[in-house]
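Some notes on the structure that comes next.
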Amino acid sequence: DFGQVADDLGLNLFVVGGFVRDLLLRQENFDIDLVVEGDGIAFARRCAERFACRFRSHEKFGTAVIIFEDGFKVDVASARMEYYSRPAALPTVEYASIKLDLFRRDFTINTLAIALNRGRYGELLDFFGGQRDLKDKAIRVLHNLSFVEDPTRVFRAVRFEQRLGFRIGRPTEHLLRGAVRQGFVERVGGSRLFRELELILREPDPWPAVERLASFDLLRFVHPQLKLDKTLARVFAEASRVVHWYQLLFLERPCRPWLIYFLCLTSALGREAMAEACRRLNVPPRIARLVTEGREEALAVRQRMRRWRHRKKPPAASEIYRLLHPLERDLVLFVMSLAEDERIKQWISHYFNHLAQVKCELDGDDLRQLGIPPGPVYRAILDDLLNARLDGRVTGRDEELAYVR
Ligand code: CTP
């Protein structure tokens, strides 16, 4: 019980932010953020002793994470006393530091806190109209400089608005547009921009948020050539269908929807523009490689499949496999999202349903036992054997042995 630990240390303890917001909205949220009036690290250390779990601290920020055996984590921050310097005797001052901590936050709906000390357990603190705005379904900043102080909040406003089905309040929208117009968003580092975009694309249905970003002229931070049009809307809608279909069927082989959406969002950009976007957004190297070189390969695969449509004979299973197998799964799903033709979708769906996991039973050891001298020929034999299996020409070990002989 965190409250008891706080009591023992004589500290005021609160659960704050998204957890309280979602609690009042009756939405699931397992991210617990605690704020301690005083030394949060000392509090976390004591919790770790008391509950026999681990903790990590960031001395510089006065923050810590409590990590339980099962991996459950709780973030702890310090609302440090030096932030206010009024005489410490008045009862309001007890609240002053948590109040200041909450005042520094982005939107009113994120400024709610619940006291956890035993004497006042469950007491809701609402200094800035958070409950009212939850009821009004409004995203509102606390003060005029909020977006200037932290322009990433522009993206957060859109994300919360769309996720919760709220509306950015009029004055807040004004401030948001002002911050964009005056170039404050340009000053945000590429990595932070990319992070915000990723968070938006990680929402279950990111399209309305993308539309909203476009309406605030925020897509140009990805790349100046990006614009919202019918094609993009269609590709996104298709991607959403593809992602949901895939996730329903292949739980054990996860894909990365946000990455597929990112590929769709940027699908109108040419090779050079995409590389530029990656540089601007400081995209991590592995992802950057996937969305540049990997994407080029995916587009080449798409071309091949489009040509297949004009053949008399449909492609053999082994042809589909050989074409799609070298591509990362998210890229295959991207190709599927781009496909206008049902046949292309069917080939890809056949690949995931029936081909992707096919293996032959024989391996190098078996070939050796058959007396075949080891060498590059093994690769060729096994590839050929796998093709035979994919195309249904052999089934089972005995047939494989016969085939190789
Ligand atoms: N915060 C902020 N400005 C930011 C980022 C965060 O003021 N640029 C504040 C918010 O008030 C938020 C808290 O820090 O409540 C924690 O941030 P985060 O974990 O990103 O927010 P959650 O509300 O928990 O969002 P999510 O539900 O997406 O986890």
Side-chain angles (χ1 to χ4, degrees), residues 13-36 40 58 61-66 72-80 83 97-114 124-134 137-166 168-169 172 175-176 179-180 184-206 208-209 212-213 216 218 221 257-258:
L13 175 69
F14 307 90
V15 57
V16 301
F19 181 83
V20 181
R21 176 195 70 217
D22 291 342
L23 188 72
L24 296 186
L25 291 172
R26 295 185 169 75
Q27 293 195 5
E28 220 166 56
N29 187 331
F30 297 111
D31 291 332
I32 298 187
D33 290 300
L34 300 179
V35 170
V36 173
H58 275 282
F61 300 107
T63 60
V65 199
I66 305 170
F72 187 70
K73 290 179 190 163
V74 173
D75 285 305
V76 180
S78 315
R80 271 171 287 185
Y83 282 120
S97 65
I98 180 73
K99 184 172 176 183
L100 196 57
D101 184 278
L102 296 169
F103 182 67
R104 283 194 294 261
R105 289 168 189 256
D106 47 4
F107 310 116
T108 56
I109 57 164
N110 288 336
T111 62
L112 293 161
I114 295 174
L124 182 68
L125 278 66
D126 181 5
F127 298 109
F128 309 106
Q131 288 180 96
R132 174 202 62 205
D133 292 342
L134 283 180
K137 298 180 177 290
I139 308 291
R140 295 198 173 109
V141 289
L142 280 75
H143 57 81
N144 291 351
L145 291 178
S146 192
F147 291 121
V148 173
E149 277 172 8
D150 181 353
T152 62
R153 289 175 174 169
V154 159
F155 295 89
R156 290 175 62 86
V158 170
R159 177 157 57 92
F160 285 122
E161 181 190 55
Q162 297 305 319
R163 181 204 292 172
L164 302 173
F166 281 24
I168 296 171
T172 296
L175 295 167
L176 188 158
V180 176
F184 287 102
V185 181
E186 264 103 342
R187 299 189 203 165
V188 178
S191 305
R192 292 187 72 203
L193 279 178
F194 185 64
R195 175 89 193 129
E196 290 302 326
L197 180 64
E198 181 184 333
L199 287 173
I200 286 176
L201 298 178
R202 276 179 186 269
E203 294 288 329
D205 174 21
R212 196 71 164 136
L213 287 180
F216 291 132
L218 286 167
F221 297 107
W258 74 269

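Treat the numbers as computed from the prediction; the structure is a model and nothing was measured. Both ligands and their constituent atoms are indexed starting at 1 by order of listing. Along the sequence shown, residues carry numbers from 1.
Atom 7 (O) of ligand 1 has as its closest protein heavy atom Asp106 N, 2.7 Å. Summary of contacts: the protein heavy atom closest to atom 8 (N) of ligand 1 is Asp150 OD2, 2.5 Å. The shortest contact between atom 19 (O) of ligand 1 and any protein heavy atom is with Asp33 OD2, 4.5 Å. Residue, atom and distance of the protein heavy atom nearest to atom 21 (O) of ligand 1 are Arg156 NH2, 3.3 Å. Remark: minimum distance from atom 22 (P) of ligand 1 to any protein heavy atom is reached at Arg21 NH1, 4.1 Å. The nearest protein atom to atom 3 (N) of ligand 1, hydrogens excluded, is given as Arg153 NE, 3.2 Å; this is a heavy-atom distance. Among protein heavy atoms, the minimum distance from atom 15 (O) of ligand 1 is reached at Asn110 CB, 3.5 Å. Nearest protein heavy-atom contact of atom 14 (O) of ligand 1 is Arg105 NH1, 3.8 Å.
In this structure, CG on Asn110 lies 5.0 Å from CZ on Arg21, to the nearest 0.5 angstrom. Here CZ of Arg187 is found 13.5 Å from CG of Leu193. Values are rounded to the nearest 0.5 Å. Here the CZ atom belonging to Arg153 is positioned 11.5 Å from the OG1 atom belonging to Thr172, to the nearest 0.5 angstrom.
Below 3.5 Å of separation, one finds an N or O of Arg163 facing an N or O of ligand 1. Note: no N/O pair closer than 3.5 Å links Asn29 and ligand 1 by distance alone. The shortest N/O to N/O separation between Arg192 and ligand 1 does not fall below 3.5 Å.
Look at Phe160 and you'll find a heavy atom under 4.0 Å from some atom of ligand 1.
In Val16, neither the side chain nor the backbone holds a heavy atom less than 4.0 Å from any atom of ligand 1.
The local environment of NE2 in His143 is crowded, with over 12 non-hydrogen atoms from other residues, nucleotides or ligands closer than 6.0 Å. Heavy atoms from other residues, nucleotides or ligands lying under 6.0 Å from CZ of Arg212 number more than 12.
When each atom of ligand 1 is checked for a heavy atom of Arg159 under 4.0 Å away, the hits are 28 (O). Atom numbering of ligand 1 starts at 1 in the shown order; those under 4.0 Å from a heavy atom of Gly17 are 15 (O). In summary, the atoms of ligand 1 found under 4.0 Å from a heavy atom of Thr152, numbered by their order in the structure, are 8 (N). Heavy-atom proximity to Asp31, at under 4.0 Å, picks out these atoms of ligand 1: 29 (O).
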Result block: side-chain N/O donor-acceptor pairs under 3.5 angstrom for residues 196-203, not counting sequence neighbours:
residue: Glu198; atom: OE2; partner: Arg202; partner atom: NE; Å: 2.8
residue: Glu198; atom: OE2; partner: Arg202; partner atom: NH2; Å: 2.8
residue: Glu203; atom: OE1; partner: Arg163; partner atom: NE; Å: 3.3
residue: Glu203; atom: OE2; partner: Arg163; partner atom: NE; Å: 3.1
residue: Glu203; atom: OE2; partner: Arg163; partner atom: NH2; Å: 3.1

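Using a 4.5 Å cut-off on side-chain heavy atoms (C-beta onward), Leu124 and Leu24 make contact. Counting only heavy atoms from C-beta outward, the side chains of Ile109 and Leu25 never approach each other to under 4.5 Å. Put simply, the side chain of Leu164 does not reach to within 4.5 Å of the side chain of Lys137, judged on heavy atoms.
Using a 30° and 60° split on the angle between ring planes, Phe147 and Phe107 fall in the tilted class, from 30° to 60°. Between Phe221 and Phe155, the ring planes are perpendicular. Angles over 60° get that label, and only those under 30° would be called parallel.
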